[in-house]
Amino acid sequence: MAAAATMVSSAGGLLAMLNESHPALKLHALSNLNAFVDYFWPEISTSVPIIESLYEDEEFDQRQLAALLVSKVFYYLGELNDSLSYALGAGPQFDVSEDSDYVHTLLAKAIDEYASLKAKAAEANDESAVIDPRLEAIVERMLDKCIADGKYQQAIGMAIECRRLDKLEEAVIRSDNVHATINYCIDVSHSFVNRREYRLEVLRLLVKVYQQLPSPDFLSICQRLMFLDEPEGVASILEKLLRSENVDDALLAFQIAFDLVENEHQAFLLKVRDRLPSAKSQPLEPVHSGSPQPDSVQSGNVVISEDVQMTDGTQADGNATIPDPSEAIYAERLTKIRGILSGETSIQLTLQFLYSHNRSDLLILKTIKQSVEMRNSVCHSATIYANAIMHAGTTVDTFLRENLDWLSRATNWAKFSATAGLGVIHRGHLQQGRSLMAPYLPQGGAGGGGSPYSEGGALYALGLIHANHGEGIKQFLRESLRSTNVEVIQHGACLGLGLAALGTADDDIFDDIKNVLYTDSAVAGEAAGISMGLLMVGTASEKASEMLAYAHETQHEKIIRGLALGIALTVYGREEEADTLIEQMTRDQDPILRYGGMYALALAYRGTANNKAIRQLLHFAVSDVSDDVRRTAVLALGFVLYSDPEQTPRIVSLLSESYNPHVRYGAALAVGISCAGTGLSEAISLLEPLTSDVVDFVRQGALISMAMVMVQISEASDSRVGAFRRQLEKIILDKHEDTMSKMGAILASGILDAGGRNVTIKLLSKTKHDKITAVVGLAVFSQFWYWYPLIYFISLAFSPTAFIGLNYDLKVPKFEFLSHAKPSLFEYPKPTTVPSTTSAVKLPTAVLSTSARAKARASKKEAEKTNVEKAEPSSGKGKMSDKDGDSVQPENIVEKKTEPEPSFEILTNPARVVPAQEKFIKFLEDTRYVPVKSAPSGFVLLKDLRPSEPEVLALTDAPSSTASNAGASATGQQSAASAMAVDEEPAPPQPFEYTP
């Protein structure tokens, strides 16, 4: 071994030794060459055949060392495949723990090789595919080493990639913090596992690990079970929690139910609800929703009515008392959780929140209405759409009541839209929805006097009110569809049914709609096609091929277009399962079906950021002969990428500069869809030039998308929001602006202030589940290019930006919590004001204002004005210029007098909490209520730490059907009170409204 000590200048001598016959000399040569291979590999490479022959010599007992040497030489020559195969031959001589480039490179190569072999075996469904056992041994050594060294995240990444679920389980169980590790696994499987089936396998394993833990995280388990579509598992966990003695467990069960409802998967929630026992302790046979049921059952599949049906078929007396007190508590909890799972509880609370916190600015609508020419029916309709979107879910229809004669100018389809708009305004008004729409609904009997357009619109409205929660209304809509052959009414009834029965895959309803499709009426057929898709959303049902066959038969473009979108909806979220259908559609000669293929790609791979899908869409975006297909291919990117919104502007930036206006329009909408509600700076920068594009419809798309991106973003956090509001006003007031972009500006004004300024557009729930209704809503909304009434589908994507804390009784107790950020960052936009020439005092026309509020505001402005004039009599800045409505607040001077803005604000439950604000929400130290799980917004169940004290409740007044009148007085009193509260201070008010 002397040679190893002194530095050798050439490998020639050692190489010569390899030809000696004595094994000890060969061994000496090999070990020294191995030590110096980094320096002498060019020389050694000439003698590779000799070393190879040593490896192949069965008699030679140091074969593995020879293999290692050859492997290293090939590594330096860049022949990684050969290098790996010899490294496998080196067995234990190849040390996975060695820290060298050679070992790192080969291990990466080995893992890639192994992972791709495992993936191929899985795809070919051939588990017996032969994998070199030596390769497997290296990968296992590597995995074991990672686990032993405590590098659990690396081990998990490798185990998932190599499809070694046994090692994955070992890594998770042995990690220090199992809950955190499982969450890491879940993130990895959603972000990096491309094949849906394998992802479900990983999730199944994680659920198994979860359930073995001493304190399982039931919230997470139930979310995973929802992904796996296993309602039995969820029902048994909920039942276990509800039966617990501990009140906290019941609260947790309610919280789980609310979290599941947020994912909007109606069919799954109903399955869970039907698997819970009835309110009596006896388990019931679940009644399936497909079959028509007796009236007592209608409310919710498993009877909780007067007469409870026992499993043995006898009727139990409705008034029978439950003897055991714990059973009584259990029964009461069951009733509550069924209400939550059916969605009724959250819908009711959301409705009350949007109604009581409504801050929409009627003056904006008034300005739009005055500036729109009467003859221009497109802008007239757009104003009605904007009003519906602006008041979505608030039940405030003041604008319509005040402008009935203006409204009545709508004829034909415009009348259909105007009536349907009521459905958006009253969305979620499940109790009174039907009575609200009664004046417009088909009256039945001889000749029903109403206009078919308003009757069709009313049926569509009922669907919007009951969207994704249609148990109460499905039957009525089916009867309306069957009892008419007027295509306009059929159109409305089909859309309404699709919305109400979203994703329930009810065969009877499908047949009803199919009968309408087969009448081959263009108008009714288009709605029928979309409606079939809505009904079958995500089921990947065989019925899609029936729909495709009919699309090839019919001559009507409208029907083909409706079916194309409908077929795309059926493969929602099915990823690679949908590939054959996508292939069929994208190769079709009919551009309308290829256009459906783009939607199918968008929806099958929604939110997965799947590379293959992105590549396909980009390919069609630049190569298809049809503009429609190219436009939709770009737009579809928005759906594939919404889970990673930062990527979208980068990916479509070149397309947004395309010479083809259709591609530019698609790029604008793609950014609007995937960055909706994020206020992302890159998104705004990409859209800005498009809002002044040379082509009118590109401007329209850019304005609508910009509003989607900026919804709920305040001017304080991005000054471009203010500039955009002014741009909209300028476009709307400009007499020479063309109709398309004017329509875009009007719709954008509605979207910016959607839902009384209390909703945002969200496609992902807090648990990173996709919100089915929201994604489907935006997909159908983007079809408004061909059919304006579909604009209303955007209301399905609205989710309230609210923190609603609930106690054990599911009531909303008043308590305070903290938003640790400057109030101006997240305040409501200031109400617009009417420029008037008579006096410098501006009276803001506030929401549903009453004289009290107006007076309070006026006196406040007077005070402000005198303050300003006292402050700086010489300066001209103090005077308010009438020309510019924006410079009403003489801010630069007031700044000197006001105290610095506080760095936090106190919010009262329920409160508006916008997405950007969530990270600043904190609970106070000595608070009475503590959340079951720390959540910054949404429905949060609260533990009451002082249950003996009386509670003060909020949200007790439900909106009545004569909402506008009641609303005026209620909001008026609130605002008057708030104005008074502020007036007592000498300085001008802070820009947020604080109701004590």
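Keep in mind it's a predicted model, so treat the numbers as computed, not measured.
- Among Ile804, Asn807, Leu953, the single residue meeting the side chain to side chain contact (heavy atoms under 4.5 Å, CB included) criterion with Val812 is Ile804.
- A donor-acceptor contact closer than 3.5 angstrom is absent between the side chains of Thr394 and Asn358.
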Side chains of residues 912-924: which donor-acceptor pairs under 3.5 Å do they make with residues two or more places apart or in other chains?
residue : atom : partner : partner atom : Å
Arg912  : NE   : Arg757  : O            : 3.2
Arg912  : NH1  : Phe826  : O            : 2.8
Arg912  : NH2  : Gln712  : OE1          : 2.5
Gln917  : OE1  : Val914  : N            : 3.2
Gln917  : NE2  : Ser819  : OG           : 3.0
Glu918  : OE2  : Ser937  : OG           : 2.7

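- Under 3.5 Å, the side chains of Asn387 and His391 contain a donor-acceptor pair of N or O atoms.
- Using a 4.0 Å cut-off between charged side-chain N and carboxylate O, Glu327 and Arg243 make a salt bridge.
- Tyr929 and Asn909 share no side-chain donor-acceptor pair at under 3.5 Å.
- The closest side-chain donor-acceptor pair between Arg333 and Tyr808 falls under 3.5 angstrom.
- Counted within 6.0 Å of CD on Glu245, heavy atoms from surrounding residues, nucleotides or ligands total 12 or fewer; the atom is thus considered open.
- Between the side chain of Lys240 and the main chain of Ala235, no donor-acceptor pair closer than 3.5 Å is present.
- Between Phe939 and Phe803, the distance separating the two ring centers is not shorter than 6.0 angstrom.
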Show me the donor-acceptor pairs, under 3.5 Å and distance only, between side chains in residues 462-470 and residues at least two apart or in other chains.
residue : atom : partner : partner atom : Å
Asn468  : ND2  : Glu264  : O            : 3.3
Asn468  : ND2  : Thr773  : OG1          : 3.0
His469  : ND1  : Ser342  : O            : 2.9

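- Phe817 and Phe815 have their aromatic ring centers within a separation under 6.0 angstrom.
- Ring geometry for Phe268 versus His265: interplanar angle of 30 to 60°, hence tilted.
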